[in-house]
Amino acid sequence: MIYTRRHIIKGGAISLAGLASGRSAAAALNERRGAPPPSRQDPRLKQLIQAAVDAATSAGASYADARLTFTQLLSAGKDNDLVPSNLNEAMNFGVRAFVQGYWGFASSTVWNNDEAVRLGRAAVQNARANLVTGPREVELAPHPNPVSGDWVMPVKDDPFEMAWEEISDHLFGLKSWIERNNGGQSVQRLSYGFRREDKAFGSSLNQFTTQRLYRTSGEGVYTFVDRDKGIGGPVNLIRHLMPAGLGFEHIRDRPLREIMKERHEEIIRDSKVRLPVIPIDVGRYSVLTHDSPVIELLRDGIGVATQVERVLGMEANNRGTSYIMDPLAELGSFKVGSSIMNVSGGRSEPGSVNCVKWDDEGVEPPQFDLIRQGVVTNLQSTREGAGWIAPYLNAANLPVSSTGCTYVDNAWDIPLGCAADLVLQPNSDPSYDLDTLREEMEEGLEVPGARPDFDYQQVTGFAQAAAWQIKKGKRVAVVVGGAMSFRTPELWGNLIQLGGSGTVGKMSKVAIKGEPFMNYWNCVTAPAAVFKDVTWIDALRKG
Amino acid sequence: MNITKDMINADSLRLLDEKVATRVIEEVKEYCGKDGRLDVYVRSSWLSGQNWARNRAIVTSDQRLNKVWLRRMIKDVPGDGVWPVSVTCNQIDSASLKGAVAIAELYARRVALPGGRDMPPQIPNLKPEGVSVWSEPTIGRSAEENGQMIKMLVERSEAEGFLSAGYLGCMGKNGWFYERDQFGRETIVSGQATGAWCSATVRHPKGIGSGWAGQSSFDINAVHLDQVANLALDKCIMSLDPVRIEPGRYVTILEPQATMEFFRMISFRRKQPESIPSDVYSLGFDPAVERMRTKLGLRIMDERINIWQDPTDPLIGSHVAPGVKKIEWVKNGVLTNLEDDWEYHLSQLSDGDPNIGGGGRYMTGSIQIPVDEMIASTQRGLLVTRFSGTQLLDPGSALYGGYTRDGLWLIENGKITKAVRNFRWTESPWFVFNNVAEIGPSVPVFAGSGLEFPRQLQQAITRWVVPTIKINDFSFTSTIDAI
């Protein structure tokens, strides 16, 4: 069945009434609530946080911080239900205390003064429970600027202030377009998800901040079929609807119909130019990778391995460690890539899913160099992590301070060091587009997408990928069944060319960390790239 | 200053009690319309954890949570389906509940669109057959007691110059799941569970060796922390200075934690083989009976392997859903049953009891060989502690890839002779379970936070009891650098 806006309205008089009233989810909920959650400006937030922090410091904490989060999640389209079908609200309260080098943490879902005091004391009691394991000498890096303030992530359309019907209408419209332009074939997956979080943070450094953060994402998967021509191919909108620090405009302002139309044309075009399909001939190749595989390789191979907790072994029992094992000796000298590799970190890029004004220790994340000319020059860190590598930072004339990577998904979670957004600098010459990079390649492989996985030190990697065989600058065959097999420092050491600004792409992804595990998100930006001497193996070959 | 109205997380009360939960359900019922279907799930949890690394506890945590999930399905237009609307909130005061119900009502009624889903069938109100998985020592555990345990866990590693990292966790959960179907029939199921788990990784400070061990149970007293600490350290010492050997096919002994990785890849779900010809249990369309045929009754793995589930084993004790019973899945290598879910059973099958999965899932060998004897009978082979990074490479052949981790040793002439560098492997569970040389005694494996309740009480969770197995020709494709 093909839905139209007219059909929707005709199909439901109540829907029409809803469109007319146009009430948002938040407004509808608040109207019926006796005591709506406090706004960011409500003085009770500061009072609760102050009560928790005071309770912790009175009980003996040398430092304490507390968070209150009010998180709203709204999803539509899961399992093809094209109406907003799932609203989730959570009010959480978490307190952390630092006592003689040990952290204690307590959290709950209760927001009142008695609970604030209980959580503050419990955090200290929990920290003290660790003293029995012996002295732990940890110095937190100084807080660079513990200012107070309020910040709202800039978005155009707050999904929680919109009428749900407007969101449904958009989904129905998209579904109808797909079905009209796809011979009536049904959509396999189509959904949107929205998150809004109000977060209040305060600490014993007399800092109090409030922020409003957003996360919007979507997915759309279907098979394009042209029955007349007898051809078809997969269409996936995931690249275009990845999680972003934006409102509904992330979806509404995307030219999704044009993107889909272009993909349909590409499928038809590719069906005309039938390149031979050949199995991978194992060996070493020069490889031109599009932005997407570069992003994946950078995120896991470089991004995860340069998180200070991984380097120091704090995650050894969980996700793993890192190929950087002695940070004080290796930072500033460990060469992880070729001299054209420059990677910077930060959390201030507008639209990024990881963008904040203050991290979860109240630090304003700075822009920092992670890799300069192939050498690892810093780590993604928290205040404790920066304290561990302070001798190096001092010697390198770098600020002894956190890079602003402390994160909680909501106040119930234990704060952890997570990831910054990473940017691999593109070629300064914008003329290096994909065609130019390909034309410069005498012989090799071109990889539009890959699925890498890494060992638990992020050093050895394996990436299944389909590829084109390139000869004299032209695609001559489709290569199947192959996988790249590499060591991270060797792969990046063999980076010989970067694409220009026109080849740059951006992708966001969720990852997990900690015990009990917590989700965290970051965004990686990278251009296309050319690597030499990459080992290709038969992906499905058994030993 | 009070924003939350109900003070339910008093210091002495780690979980909601039945009185509060019943009040929440009654309030939700009162605020809801009497038509259509209503599901309410009230749950609370307490989680206490201690992380340690570099031989010191680094953070101790205490996390408490209450949550109310409600779903409304209202059929306004005859002939059309329903559009389920669910609302979750973690505040249980009357005003918040009223607000949550109001939004569910508003949207469940507003979305009177053509299409929608069929009203799902209601699950019968059966009494779960599982055993108690509640332990007072676990729910009463204090941070101070666990701190003492961490001291013991790291002491020997520190004394011998190694670095220990790990996690010790205790949790308790309870929940009440209420359903009212479109005919007004009501059911309620409640459950409570505790869980405890501890795992440790001991590494050499220079990264030249690593060992791991872990245990879990619903009862903290059944988690032997001294065994975890000693085994992780002993494995680390045994794994020092590993040598590189050639990748290839080896006779391989998989310790239970590694066996589990392959065991859990196998599902016995019925839905797929009857509708998808490419499903692993499908024999395709049989024109004689004009329907899809499954592999029920055929041998699918080594004839010494038996696989079954049992929700009543007090040693394993895991939360079970209504209708979960003892079921034999594979007997002497032959597929004897396939798994249903309630929705499929009630909508597609007309009679008989459904085969609902859950409880402890066991794999045993009809002849059990002690691990020492397995090693002694191995001319040249490898001993694997566990895997990490397992990924599906090819759905068609169920081919997976991954890495060995935290202890890999070469066996030569019946003895462990040296630690070897880790490998990447490529293998299929069907190859593994059809190339078994020997099977050892079965033991429960580490389950981590998998001990928790499922999302709803109507679903069950599975715990694994698996043997050490010796496999012929296990495929290692390349050495890796991680130690």
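Here is how names work: the chains are called A, B, and so on, in the same order as the sequence lines, proteins then strands, and each is numbered from 1. What's counted below: heavy atoms across the whole structure, side chains too, no hydrogens, waters or symmetry copies.
Between the SG atom of B:C89 and the CG atom of A:N88 there is a distance of 9.0 Å, given to the nearest 0.5 Å. Atom-to-atom distance recorded for B:I480:CD1 and A:D455:CG is 4.5 Å, nearest 0.5 angstrom. Distance check: B:R56 CZ to A:M314 CE gives 12.0 Å after rounding to the nearest 0.5 Å. Going from atom OG of A:S108 over to atom CG of B:N66 covers 8.0 Å, rounded to the nearest 0.5 Å. Distance check: A:L131 CG to B:T60 OG1 gives 9.5 Å after rounding to the nearest 0.5 Å. Interatomic distance, B:S96 OG to A:E89 CD, rounded to the nearest 0.5 Å: 8.0 Å.
Residues B:D481 and A:T460 bring no donor and acceptor atom of their side chains to less than 3.5 Å of each other. A donor-acceptor pair shorter than 3.5 Å can be found between the side chains of B:T201 and A:N317.
Here the shortest heavy-atom pairing between B:A165 and A:A316 reads CB-CB, 4.1 Å. Among all heavy-atom pairs drawn from B:K206 and A:M325, the shortest one is O-CE, 3.6 Å. Of all non-hydrogen atoms in B:L47 and A:P516, the two that sit nearest each other are CD2-CG, 3.6 Å. In terms of heavy-atom proximity, B:A482 sits nearest to A:Q457 at CA-OE1, 3.0 Å. Across all non-hydrogen atoms, the minimal contact from B:L393 to A:A539 is CD1-O, 3.8 Å. Smallest separation of non-hydrogen atoms from B:S388 and A:Y456: OG-CD2, 3.5 Å.
Proximity to chain A is limited to the side chain of B:N51, based on heavy atoms less than 4.5 angstrom apart. Proximity to chain B (any heavy atom under 4.5 Å) is restricted, for A:V459, to the side chain, taken from C-beta onward. The contact between B:L399 and chain A is made entirely by side chain atoms (from C-beta outward), counting heavy-atom distances below 4.5 Å. With a 4.5 Å cut-off on non-hydrogen atoms, B:T390 does not touch chain A at all. In this structure, chain A has a heavy atom under 4.5 Å from the side chain of B:R203, while its backbone stays farther away. In this structure, the portions of B:E144 lying under 4.5 Å from any heavy atom of chain A include both its backbone and its side chain. For B:N422, the part sitting under 4.5 Å from any heavy atom of chain A is the side chain, from C-beta outward, and nothing else. In this structure, chain A has no heavy atom under 4.5 Å from any part of B:E145. Heavy-atom distances place the backbone of B:F476, and not its side chain, under 4.5 Å from chain A. When heavy atoms are compared at a cutoff of 4.5 Å, A:Q464 approaches chain B solely by way of its side chain, counted from C-beta outward. Only the backbone of A:R319 comes within contact range of chain B, with at least one heavy atom under 4.5 Å from a heavy atom of that chain.
B:F431 carries A:K542 over the face of its six-membered ring, with the cationic atom under 6.0 Å from the centre and within 45° of the normal.
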> Can B:Q63 and A:I414 be said to form a side-chain contact (heavy atoms from CB on, under 4.5 Å), step by step?
Replying inline: CA-CA 9 Å; B:Q63 297 163 281; A:I414 306 164; 4.0 Å; yes
>> Using side-chain contact (heavy atoms from CB on, under 4.5 Å), reason through A:D453 and B:Y403 one step at a time and then give a plain yes or no.
In response: CA-CA 10 Å; A:D453 62 69; B:Y403 305 93; 2.5 Å; yes
>> Apply side-chain contact (heavy atoms from CB on, under 4.5 Å) to residues B:T88 and A:L87 and explain how you reach the verdict.
In response: CA-CA 6 Å; B:T88 308; A:L87 176 70; over 6 Å; no
>> With side-chain contact (heavy atoms from CB on, under 4.5 Å) as the criterion, how do A:W412 and B:L65 come out once you've worked through the C-alpha distance, each side chain's angles and the decisive distance to 0.1 Å?
In response: CA-CA 8 Å; A:W412 195 78; B:L65 180 80; 3.9 Å; yes
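At least one side-chain heavy atom of B:S199 sits under 4.5 Å from a side-chain heavy atom of A:E515. Counting heavy atoms from C-beta outward, B:R64 and A:T109 have side chains that stay 4.5 Å or more apart.
For the options B:G49, B:A53, B:G166, B:S475, heavy-atom pairs under 4.5 Å to chain A are most numerous at B:S475. Taking B:G147, B:S48, B:A57 one by one and counting their heavy-atom pairs under 4.5 Å with chain A, the maximum is reached by B:A57. Counting heavy-atom pairs closer than 4.5 Å to chain B, the top residue among A:T321, A:L119, A:D326 is A:T321. Looking only at heavy-atom pairs under 4.5 Å with chain A, the residue among B:G389, B:G214, B:A200 that has the most is B:A200. Listed options A:W388, A:Y323, A:F98 were ranked by heavy-atom pairs under 4.5 angstrom with chain B; first place goes to A:W388.
Atom CZ of B:R141 has more than 12 neighbouring heavy atoms from other residues, nucleotides or ligands inside a 6.0 Å radius. In B:K151, the NZ atom is not crowded: 12 or fewer heavy atoms of neighbouring residues, nucleotides or ligands sit closer than 6.0 Å.
The closest donor-acceptor contact from the side chain of B:N90 to the backbone of A:M91 lies under 3.5 Å. Between the side chain of B:R54 and the backbone N or O of A:L312 there is at least one donor-acceptor pair closer than 3.5 Å.
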